[in-house]
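Read through the structure below, which is laid out as structure tokens, and then see the notes.
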2 protein chains.
Amino acid sequence: MAKRNVTYQDIARYTGFSKTTISRFFNRPESVTPDHRKQIRDALDVLDYKSNKVARILANGQTEFIGLIVPNLYLGFYAELLNLFLNTYEKYGYKFIVFSGSSHEETERRYISELLSYKVEGLIVLSHTIPSIELASYGIPVVAVEREDRYISSVNTDNYSGAVQATELLYQCRCDICLHINSQDYDPQVPASARITGFTDVCERHGMDCRILPYTLGNSYDDLQTKVETIVEDIIASYPGKRKGIFCSNDTTAGIVLNHILRKYGHLPDEFKIIGFDGSPAARQAVVPISTVAQQTDKLVESAMELLVRQISEYATGASAREADSAGNTENAVNGGDSFSLKPEHRIIPPILMPRGTSRP
Amino acid sequence: MAKRNVTYQDIARYTGFSKTTISRFFNRPESVTPDHRKQIRDALDVLDYKSNKVARILANGQTEFIGLIVPNLYLGFYAELLNLFLNTYEKYGYKFIVFSGSSHEETERRYISELLSYKVEGLIVLSHTIPSIELASYGIPVVAVEREDRYISSVNTDNYSGAVQATELLYQCRCDICLHINSQDYDPQVPASARITGFTDVCERHGMDCRILPYTLGNSYDDLQTKVETIVEDIIASYPGKRKGIFCSNDTTAGIVLNHILRKYGHLPDEFKIIGFDGSPAARQAVVPISTVAQQTDKLVESAMELLVRQISEYATGASAREADSAGNTENAVNGGDSFSLKPEHRIIPPILMPRGTSRP
DNA sequence: TTGTAAGCGTTATCAA
DNA sequence: TTGATAACGCTTACAA
């Protein structure tokens, strides 16, 4: 690291104060006389002091880091969430160390252990790879967003209600059959899988024919496109003459469906009714604006940060309590059972139905 | 930080070795006998040791951090680049502290000083806010991607050649007039502004009528859409009966143009020829696949990382040299002129013209 | 209001 | 092959 860094020591020497005073100047300026403050400020200038948070972390344990794991960024939804998370810096001051998830458990585990070794104060997990029971075991605050969350706190869209609204809209469009295109990799724990139950419940209630069309999740847009277009062809071939309501698990998929149909017919025939999920800008901006169930991403992020920040501070006080607690009997320190375990809190954010051109009754 | 961390000290005590040996076990395992290695491995298990990179950083100065500043993530281009950067973790092991840029200089300056205080080893800058001369002054390796780069290393698409190819295509389409929609906020230093010169040069060469249509950059998709649609209306009103070649500075804009026209006419009239820039998936996936000049994002990122990593290592050796150098005359340490200054290296990546449905001759 | 001194958990430099 | 000991740069009791 180039030459030697200018440290408190240097400032102390230069000003004639002690390191402690310099430290106080930064952390509790009121506790230093105005006059001395000025002397120190000047010294800072002259010596061209640059703060070193690494040393600070080592001394007081506050990294101001949050680890964030997204599954990918080619889905607009995740890009948008990430953007919103990054912007919370202004409000909370946390810096984000970001990993773009792999679907290999082992790889993602390595990400996490990196994050832990950098002493991140909390984790935001959007990726689906590691089960929540394991995430809970790491002993630091974790908030999941739109993923399986049994053992950890989370913020989710009310997927069930979203699916219900979407399917009701298709019902009102007098569809003969309802199709739901979704990834097949969800286990029932994943919140988004409530979109499936919501869908089937409404279909049953109204006695509508319905079918789930699963695709396997790839890791590129192209991949998705190919798979979805095959599905659409299948739909077209299977239900000639019927009015088909197609509920897609996300707007990207809905866009692919819409465009494929437009390309084939030159317009959107009345026999197709489409609705997506997420509320991405792309949906509104499509040639025929795509109906969608909009997730309130801003609220998701806001709640997630609130939850995480609160847990971090509860964790901090809890930790010092435990610390004091175990001062006497260090022989128990090893097998401590001190893994972080506040009761997980789950927040639900309602989505907003946006009926648009692809599904007018 | 919960209880007390298990440290080398504890492992040393448990195994009967010294801290030094434990350290060596991690950093140069060969230098510890296999037998002792096993003992230590066991101790790690029993004590449930978790490594602490913060301490390591303080001791050896290697943070393995790269600071990354993107302008936003709602433009697919940036999201894609970010994703590719994050994925280089597998290859280089660098972790990324990410900031989503503000357009306020002061704010972004705060981001950077945060990054510096965390001792990031290098900076990747996609954001346009801070001029390169200032970035160069921070004294750490910086690589710019597609932004003004006079005083720092950079990787850029060959924008001029891209614009030339795009405009030539419009010429081959026998357009009567060529329009170029671009942000007006570029100063000539920004590499993307070469798209304008490329455009006008080709128009001149072929004696084609042409016009630049600037819009002011907002900070949301909606904003962009409104502005661009106004421009399209203006084009339609201004050049009736003429074949209009529209070269957009990015695919998002091209998509807005296309869709607005499709919505208005129900199809893409032959009098409109459209081509975008970037090569985003959305362009290919549009109803009428949009011609575009594809940036090779993978190569951009690969080159950027190569450059940065090389600079980091040159910087490290240079730094130790300077260190040794100034050992004698510490009185000069203060005003050192030691700001990092290898000659900036600029890499150019050729874009690839993808002629598609929106501009068939 | 200021100073002393003991950490924080590693790595680095010598010796042995 | 291993160990003592001094960094690294900041915070934090505890004293003064």
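These values consider heavy atoms only, across backbone and side chains, with no hydrogens, waters or symmetry-generated copies. Remember, predicted model here, so these are calculated numbers, not experimental data. Lettering follows sequence order; numbering is per chain, from 1.
The distance from atom CD1 of B:Ile22 to atom P of D:dA4 is 12 Å, rounded to the nearest whole Å. Following rounding to the nearest Å, A:Lys50 (NZ) and D:dC10 (P) show an atom-to-atom distance of 13 Å. Atoms CG (A:Leu44) and P (D:dC10) sit 10 Å apart, rounded to a whole Å. At whole-Å resolution of the value, CD in B:Gln62 and C1' in C:dA12 are 13 Å apart. For the pair B:Lys53 NZ and D:dC8 C1', the computed distance is 18 Å after rounding to whole Å. Straight-line distance from the CD1 atom of B:Ile57 to the C1' atom of D:dA7: 16 Å, rounded to whole Å. C:dG3 atom P lies 15 Å from atom CZ of A:Arg13, rounded to whole Å.
Look at A:Arg347 and A:Glu345 and you find a salt bridge, because one of the NZ, NE, NH1 or NH2 atoms lies within 4.0 Å of a carboxylate O, short of that distance. A salt bridge does not link A:Arg147 to A:Asp149: none of the charged nitrogens lies less than 4.0 Å from a carboxylate oxygen.
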Short heteroatom pairs, N/O only, protein and nucleotides 6-9 of chain C, under 3.5 Å:
unit_1	atom_1	unit_2	atom_2	d
C:dC8	O2	A:Leu58	O	3.3
C:dC8	O2	A:Ala59	N	3.4
C:dG9	OP1	B:Asn5	ND2	3.1
C:dG9	N2	B:Ala55	O	3.4

Hey, what are the protein-to-nucleotides 13-16 of chain D N/O distances that come in under 3.5 Å?
none

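Counting only heavy atoms from C-beta outward, the side chains of B:Glu134 and B:Ile112 never approach each other to under 4.5 Å. Within the 4.5 Å cutoff, the side chain of A:Phe25 has no heavy atoms near those of the A:Ile11 side chain.
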Item checked: Verdict with supporting geometry, A:Leu115 and A:Ile69, side chain to side chain contact (heavy atoms under 4.5 Å, CB included) -> CA-CA 10 Å; A:Leu115 290 171; A:Ile69 307 184; 4.2 Å; yes

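Checking A:Leu68, A:Val145, A:Val70 one by one against A:Leu81, the side-chain contact (heavy atoms from CB on, under 4.5 Å) holds for a single residue, A:Val145.
Every salt bridge (charged side-chain N to carboxylate O under 4.0 Å, His left out) that B:Arg110 has, sequence neighbours left out, goes to A:Glu90. In terms of the side-chain hydrogen bond (donor to acceptor under 3.5 Å, both in side chains) criterion, A:Asn52 has no residue partners (sequence neighbours excluded). For A:Asp42, the salt bridge (charged side-chain N to carboxylate O under 4.0 Å, His left out) partners are A:Lys38, not counting sequence neighbours.
Shown here is A:Arg109, whose CZ atom has more than 12 heavy atoms of other residues, nucleotides or ligands within 6.0 Å.
Note: A:Leu135 CG to A:Arg150 CZ = 14.5 Å, rounded to the nearest 0.5 Å.
Contact check of residues 25-35 of chain B against DNA chain C (heavy atom, cut-off under 4.0 Å) returns B:Asn27.
Contact annotation: A:Ser18 does not reach the phosphate of C:dT4 (side-chain N/O to OP1 or OP2, under 4.0 Å). Look at B:Ser23 and you won't find any side-chain N or O under 4.0 angstrom from OP1 or OP2 of C:dT10.
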